[in-house]
J.: 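Below are the structure tokens for one structure; questions will follow.
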There are 2 protein chains.
Amino acid sequence: MNEGIFKAMSDPTRRKIIELLKDGPKTAGEIASHFSHAQPTISRHLNVLKNAHVVVDQREGTFIIYRLNTTVLQDWLAWLMKHFGGENNDEKE
Amino acid sequence: MNEGIFKAMSDPTRRKIIELLKDGPKTAGEIASHFSHAQPTISRHLNVLKNAHVVVDQREGTFIIYRLNTTVLQDWLAWLMKHFGGENNDEKE
DNA sequence: TGATTATATAGCTAAATGGCTAAACATTGA
DNA sequence: TCAATGTTTAGCCATTTAGCTATATAATCA
């Protein structure tokens, strides 16, 4: 499993960005407006998510629209379930 | 959701420790023997996992035995599924 | 072309992280 | 009580991270 997605998901701001994007694609500015951080700070977070392929961007005029890459998230979740999920662990007690 | 578990899970060494412990409880030394890191390094990783309540320790003579807290892991996975899992996201296209 | 708007990048700082070695601590057993 | 063993803690260092401000880039429009 790609290391990047773990780092991407380990930050609360980035997780909140993902939750925002679950509601549909948004521009960088729209995303930034939900936070009290400076705009470049959010831009960098978006870049981390992009490098992990958790989001995808697309320019639309002067705007840049970000959307979730749900496949990557779901693959990650499936991997987590497989590796850390409730498998039978027959210990003595 | 507790921030600690995200940080705990974001490191590959710690994830490998968890996978080792899925196989059953192990002493700190036994865990450390699976890595090429110095033993105190692993001890510190174990401490991170302990602080996130992902593992639990128990002294047994001079040994300290670590075991998984599977409940915490499963709660975390459930939370992830709920927040990032495949909910219906009816976008136009 | 120049102004405006949206966004990213550069460059900085403080704090967190992960590695190491050396030293401390806890338990056991002679 | 002392030595041995298993483990943690302390202290150090290099790297990464997340924040900021200032600046650069890209697209649009007059």
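Letters A, B, ... are given to chains in the order of the sequence lines, protein chains preceding strands, and every chain is numbered from 1.
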J.: Taking only side-chain nitrogens and oxygens of A:T27, does any of them come within less than 4.0 Å of OP1 or OP2 of C:dA6?
T.: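 Result: no.
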J.: Are any of the side-chain heavy atoms of B:Q74 and A:F84 separated by less than 4.5 Å?
T.: no
J.: Test side chain to side chain contact (heavy atoms under 4.5 Å, CB included) on A:H45 and A:F35 and set out the steps.
T.: CA-CA 12 Å; A:H45 279 304; A:F35 297 90; over 6 Å; no
J.: Which residues within residues 5-17 of chain A lie with some heavy atom under 4.0 Å of an atom in DNA chain C?
T.: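 Of all residues in residues 5-17 of chain A, none places a heavy atom under 4.0 Å from DNA chain C.
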J.: Of all of residues 35-45 of chain B, which get a heavy atom below 4.0 angstrom from DNA chain D, listed by number?
T.: B:Q39, B:P40, B:S43
J.: Can any side-chain N or O of B:K7 pair as donor or acceptor with the backbone N or O of B:A52 at less than 3.5 Å?
T.: no
J.: Is B:K16 close to B:P12 at the side-chain level, that is, under 4.5 Å between some pair of heavy atoms?
T.: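 B:P12 does not reach B:K16 side chain to side chain.
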J.: Go through the steps to decide whether A:I18 and A:M9 satisfy the test side chain to side chain contact (heavy atoms under 4.5 Å, CB included), and finish with yes or no.
T.: CA-CA 9 Å; A:I18 292 173; A:M9 298 301 286; 3.3 Å; yes
J.: With no hydrogens and no angle check, is any side-chain donor or acceptor of B:R59 less than 3.5 Å from a backbone partner on B:G61?
T.: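 Between the backbone of B:G61 and the side chain of B:R59 there is a qualifying donor-acceptor contact (under 3.5 Å).
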J.: Once you round it to whole Å, what is the distance between P of C:dT5 and CZ of A:F63?
T.: 11 Å
J.: Counting only non-hydrogen atoms, which of residues 49-62 of chain B are less than 4.0 Å from DNA chain C?
T.: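 Contacts with DNA chain C under 4.0 Å: B:R59, B:G61, B:T62.
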J.: When B:D57 is tested against each of B:K26, B:R67, B:K50 for salt bridge (Lys or Arg N to Asp or Glu O under 4.0 Å), which residue passes?
T.: B:K50
J.: So does A:H53 get a backbone contact from the side chain of A:N69, meaning a donor-acceptor N/O pair under 3.5 Å?
T.: yes
J.: So do A:H37 and A:R44 actually touch side chain to side chain, heavy atoms under 4.5 Å?
T.: no
J.: With heavy-atom distances below 4.5 Å as the criterion, would you say the side chains of A:F6 and A:M1 are in contact?
T.: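 A side-chain contact under 4.5 Å exists here.
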J.: Below 4.0 angstrom from OP1 or OP2 of D:dT8, is there any side-chain N or O of B:Y66?
T.: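 B:Y66 to D:dT8 OP1/OP2: side-chain N or O found under 4.0 Å.
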